[in-house]
Colleague: 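Here it is, the structure, as structure tokens.
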Amino acid sequence: MNYEPVIGLEVHAQLKTQTKIFCGCSTRFGAPPNTHVCPVCLGMPGVLPVLNKTVVEYAMKMALATGCRVEGTSRFARKNYFYPDLPKGYQISQYELPIALSGHVNISLENGTTRRIGITRIHMEEDAGKLIHDPDRPVSYVDYNRTGVPLIEIVSEPDLRSPEEAGAYLRQLRAILRYLDISDGNMEEGSFRCDANVSVRPKGQEEFGTRTELKNLNSFRFVEKALAWEIARQKEALGQGEQIVQETRLWDTEKNRTISMRGKEEAHDYRYFPDPDLVPLVIESSWIKEVEKQLPELPDQRRARFMADFDLPEYDAGVLIAAREIADYFEDCLAAVNKPKLVSNWMMGELTAILNAKGLSITESPISPERLAGLIKLIDAGTISGKIAKIVFDEMAGSEKDAKTIVEEKGLVQVSDEGEISRIVDKVIESNPDEAEKYRNGRKKLFGFFVGQAMKESRGKANPQVVNELLKKRLDG
Ligand code: ADP
Ligand code: MG
Ligand code: ZN
């Protein structure tokens, strides 16, 4: 039978506030264990939480950026469970009345299509602490610095239909969070986490199948791999007449498979109830309007502007807007040289290649936008050929020099002078009489050979267009 996967994702994003959600402790990452703690986030008896206004503002930003409805009244609830990283014995979260409902994001797929993925809800909650297990002794340590760090949870509708779509959705969410500057969105460091729910159903069937929930997915690649593996497992089980058990499964990064962790807990297992220490959160519409006004340009808008204003293909625009810093770099280049497609080609090609090779992000690029623009100016003016430009580019990556200086120092200026190129062309034809004869007798493919020889003879500096013209004249004329 032909089965179709159904996927819904729950994403936790850590918010970049200075202080925690219900106390004034710092959220800074990497401090010595248990130094950013106080009676509130340690869950001491008798203390009272006070909601951080910036957390609400950030949650509203995400809600508005994803077309959600911000609720006038929402509530915090206690989610009760026992675990050593949770000193209060409950997590303060939102349950029945979350801050935002029913939005969507658009995702773009490799094949050029776009899909709209529904967002069920966004709610605010506090993070738990961190357990550190001693690899050598049967001892675990607990660090409460993370306890009470603000999170938003973004729950998608079961609208995703493939691991690829899940990956695209996650990247889009992360891009939005970063454009809004409310979260680092770093999966490896845990500031962006994803639980993936997945089921399969016979194609054409309306009703969803039984799902499993996958955890321990701390990179985009793992999300996609784990989903693919789990989809295959479920298809095979159903094909053999077995039933899928609703459960939580872990992605085993060593064995490359999911393993059963525990039966799925239900909401009633957590005995949710409204937190009596926190009054309902009432958000005036004037505040929503104010936050809406502060929203920056978002990825979709920026893509549309790049296509309209710079006449870029959708593919290029999509690559360039994927991260705000990349798009900024692009626009900084354009400020110095107004050649959008040329800049885009160099960014997607050579620049990306050296950044990947050196493991650097665009903000750490060894070549600044101004310097790349300097190189592109030389190409555009015909001072250097594309081939020479690559040499100059590599040189720039290893030095502080600008393109013009390198070209002058190394004498790389493109030769367009017909007299000089004529001499080269004549020499090449004379030194290869056999090829010239064959060419004239009809082996037209040999033309490329002559172009190559002439370029080599000029050490890459001859203007290829002039070389072509003169060779044609000499060989055909
Ligand atoms: P819980 O809070 O118990 O994890 P939810 O109903 O909030 O459950 O759903 C969590 C996620 O699971 C949502 O993203 C939702 O889209 C997804 N989901 C629900 N049912 C299915 C299903 N049958 N197959 C795949 N995903 C599902
Ligand atoms: Mg869940
Ligand atoms: Zn605290």
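Order of listing sets the numbers, starting from 1, for every ligand and every atom in it.
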Colleague: When you measure from atom 19 (C) of ligand 1 to each heavy atom in R211, R121, E10, which option holds the nearest one?
Modeller: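 When every heavy atom of R211, R121, E10 is considered, R211 comes closest to atom 19 (C) of ligand 1.
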Colleague: By number and element, which atoms of ligand 1 are closer than 4.0 Å to a non-hydrogen atom of F208?
Modeller: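 Those of ligand 1 that fall under 4.0 Å from F208 are 23 (N).
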Colleague: Any salt bridge linking D195 with K215? Criterion: basic side-chain nitrogen under 4.0 Å from a carboxylate oxygen.
Modeller: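 Yes, this pair counts.
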Colleague: Less than 6.0 Å separating the ring centroids of F330 and F306?
Modeller: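 Yes, the ring of F330 comes within the 6.0 Å limit of the ring of F306, centre to centre.
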Colleague: Determine, using ring centers only, whether F76 and F22 are less than 6.0 Å apart.
Modeller: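 Here the rings of F76 and F22 have centres that are less than 6.0 Å from each other.
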Colleague: How wide is the angle at the Zn ion (ligand 3) between SG of C38 and SG of C41, to the nearest 10°?
Modeller: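 About 110° at the Zn ion (ligand 3).
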Colleague: Using heavy-atom distances only, which candidate in T120, N197, D195, V6 approaches atom 11 (C) of ligand 1 most closely?
Modeller: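 Looking at heavy atoms only, the winner is N197.
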Colleague: Considering the heavy atoms of E157, write down every atom of ligand 1 situated less than 4.0 Å from one of them.
Modeller: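 Near E157, meaning under 4.0 Å from one of its heavy atoms, ligand 1 has 16 (O).
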Colleague: Identify which of P5, S156, G118, A196 has a heavy atom lying nearest to atom 15 (C) of ligand 1.
Modeller: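 Of the listed residues, S156 has the closest heavy atom.
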Colleague: Counting heavy atoms not belonging to Y83, are there more than 12 under 6.0 Å from its OH?
Modeller: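 No, because the 6.0 Å sphere around OH of Y83 holds 12 heavy atoms or fewer from other groups.
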Colleague: More than 12 heavy atoms of other residues, nucleotides or ligands under 6.0 Å from OH of Y315: is that the case?
Modeller: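 No - once you tally the heavy atoms of other residues, nucleotides and ligands closer than 6.0 Å, there are 12 at most.
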Colleague: Check K377 with D402, please: is the shortest side-chain N to carboxylate O separation under 4.0 Å?
Modeller: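 No, this pair does not count.
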Colleague: Using only heavy-atom distances, determine whether the side chains of S361 and E364 contain a donor-acceptor pair under 3.5 Å.
Modeller: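 Yes.
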Colleague: Which ligand 1 atoms, with their elements, are less than 4.0 angstrom from a heavy-atom of G209?
Modeller: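 Those atoms are 23 (N).
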Colleague: What atoms in ligand 1 come closer than 4.0 Å to a heavy atom of V155?
Modeller: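 Those qualifying, in numeric order: 13 (C), 14 (O).
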Colleague: Taking 2.8 Å as the cut-off, does C23 contribute an N, O or S atom near the Zn ion (ligand 3), distance below it?
Modeller: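 True for C23.
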Colleague: Can E230 and R249 be said to form a salt bridge (charged side-chain N to carboxylate O under 4.0 Å, His left out), step by step?
Modeller: CA-CA 9 Å; E230 179 64 13; R249 297 177 70 89; 3.3 Å; yes
Colleague: With heavy-atom distances below 4.0 Å as the criterion, list the atoms of ligand 1 near L9.
Modeller: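 So the answer, numbered in order with elements, is 14 (O).
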Colleague: Which ligand 1 atoms does G8 reach within 4.0 Å, using its non-hydrogen atoms?
Modeller: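 Close to G8: 14 (O), 16 (O), 17 (C), 26 (N).
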